[in-house]
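Before any comments, here is the structure.
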Amino acid sequence: MNGRWPVSSARAPAPRGPYSQAIRAGNLLFLAGQGPFDETGRRVGETVAEQARRALENLDVVARAGGGELQNAVRVGVFLRNLESFAEINAVYREFFHEPFPARTTVQSNLIGFDVEIDAIVWLGG
């Protein structure tokens with residue numbers, strides 16, 4: 001596969017389009033955005049905090065399927081329906097990441113039916 005391999009986990013929702021849950025390339029794992037959905041595709045959580053926690057849990061199970069751990073992320077992208085939820089996101093984010101924190105971008109996004117989506121790049125070591 002030209003030095004890149006798809007990674008997936010049945011413990012996270014299947015992609016809803018033509019993309020992989022993750023791609024491993026060298027010692028990096030590129031994780032597609034995950035929202036607050038269980039493995040059946042059902043939305044989980046009413047609050048932004050609950051939804052963010054589920055999205056991060058989904059990312060972690062995919063990272064583990066690829067031989068990594070979310071806590072080793074070097075970059076994270078957070079997409080929020082409402083930027084006023086920034087403090088709530090930060091509180092949950094600290095449950096999953098510790099110093100040195102990964103580089104991060106947070107942007108407002110026109111998400112429909114849920115409040116947060118998160119993607120990441122994980123360093124696998126080596």
Side-chain angles (χ1 to χ4, degrees):
M1 284 228 169
N2 300 326
R4 43 186 203 116
W5 301 268
V7 172
S8 65
S9 172
R11 294 179 54 209
R16 294 182 177 181
Y19 61 91
S20 299
Q21 285 179 330
I23 293 287
R24 182 176 179 164
N27 65 351
L28 294 174
L29 187 61
F30 296 83
L31 301 165
Q34 288 284 341
F37 303 99
D38 67 15
E39 55 277 355
T40 69
R42 184 181 60 87
R43 192 186 87 186
V44 174
E46 296 300 318
T47 69
V48 172
E50 291 168 339
Q51 291 184 30
R53 188 171 292 107
R54 183 56 191 231
L56 289 163
E57 289 169 351
N58 287 342
L59 285 171
D60 191 47
V61 299
V62 176
R64 290 177 188 279
E69 296 179 31
L70 187 58
Q71 68 184 4
N72 291 325
V74 294
R75 186 209 168 275
V76 174
V78 177
F79 304 87
L80 285 175
R81 185 179 351 196
N82 185 344
L83 288 178
E84 292 178 14
S85 303
F86 199 75
E88 269 186 274
I89 292 295
N90 280 339
V92 174
Y93 191 84
R94 287 180 179 275
E95 296 173 18
F96 289 82
F97 301 106
H98 308 285
E99 290 191 29
F101 295 107
R104 184 174 93 181
T105 302
T106 303
V107 296
Q108 189 166 2
S109 183
N110 189 24
L111 300 170
I112 298 172
F114 58 102
D115 297 311
V116 61
E117 181 173 337
I118 304 172
D119 66 12
I121 300 171
V122 171
W123 180 65
L124 298 172

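Residue numbers run from 1 in the order of the sequence given.
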- Query: In Å and rounded to the nearest 0.5 Å, what is the OG1 to CG distance from T106 to L80?
  - Reply: 6.5 Å
- Query: A52 and I89: which non-hydrogen atoms are nearest, and at how many Å?
  - Reply: CB-CD1, 3.6 Å
- Item | Linked, directly or transitively: F101 and V92 (ILVMFWY side chains, under 4.5 Å) | yes
- Query: If you take all heavy atoms of N90 and R104, which pair is closest and at what distance?
  - Reply: OD1-NH2, 2.7 Å
- Donor-acceptor contact below 3.5 Å, side chain R43 vs main chain F114: no
- Message: Donor-acceptor pair, distance only, cut-off 3.5 Å: does the side chain of Q51 make one with the backbone of D115?
- Response: yes
- Message: Within the structure provided, determine whether Y93 and P102 are in side-chain contact (heavy-atom separation under 4.5 Å).
- Response: yes
- May I ask you to decide if G77's main-chain N or O and E117's side chain share a donor-acceptor pair within less than 3.5 Å? no
- Item | Atom pair CZ/CG of R4 and L29 - distance to nearest 0.5 Å | 13.5 Å
- Any side-chain heavy atom of S9 sitting closer than 4.5 Å to one from R64? no
- Kindly compute the distance separating CG (L83) from OG (S109), expressed to the nearest 0.5 Å. 10.0 Å
- Message: I'd like to know if V61 and I121 are part of one continuous hydrophobic network [Ile/Leu/Val/Met/Phe/Trp/Tyr, side-chain heavy atoms within less than 4.5 Å].
- Response: no
- Query: Is the Lys NZ or Arg CZ of R16 less than 6.0 Å from the centre of F37's six-membered ring, within 45° of the axis?
  - Reply: yes
- Item | same_hphob_cluster(V44, V116) at 4.5 Å side-chain heavy-atom cutoff | no
- Do you know which two heavy atoms are closest between L70 and A63, and how far apart they sit? N-CB, 3.9 Å
- Task: Decide side chain to side chain contact (heavy atoms under 4.5 Å, CB included) for L124 and N72; before the verdict, give the C-alpha distance in whole Å, the side-chain angles of both, and the deciding distance to 0.1 Å.
- Result: CA-CA 7 Å; L124 298 172; N72 291 325; over 6 Å; no
- List the steps, then state whether salt bridge (Lys or Arg N to Asp or Glu O under 4.0 Å) holds for E39 with R54. CA-CA 11 Å; E39 55 277 355; R54 183 56 191 231; 3.4 Å; yes
- Item | Value rounded to 0.5 Å, distance of CG in D119 from CZ in F30 | 11.0 Å
- Hey, does the side chain of N58 reach the backbone of G35 with a donor-acceptor pair shorter than 3.5 angstrom? yes
- Going from CG on L111 to CG on N82, what distance comes out if it is rounded to the nearest 0.5 angstrom? 11.0 Å
- Hey, does S8 have a side-chain heavy atom less than 4.5 Å from the side chain of V62? no
- Query: So, for E50 and E46, which heavy atoms are closest and what is the spacing to 0.1 Å?
  - Reply: OE1-N, 2.7 Å
- For residues R75 and T105, determine if any side-chain heavy atom of one lies less than 4.5 Å from a side-chain heavy atom of the other. yes
- Message: For a 4.5 angstrom cut-off between non-hydrogen side-chain atoms, does F79 reach I118?
- Response: no
- Query: Any side-chain heavy atom of F97 sitting closer than 4.5 Å to one from L56?
  - Reply: yes
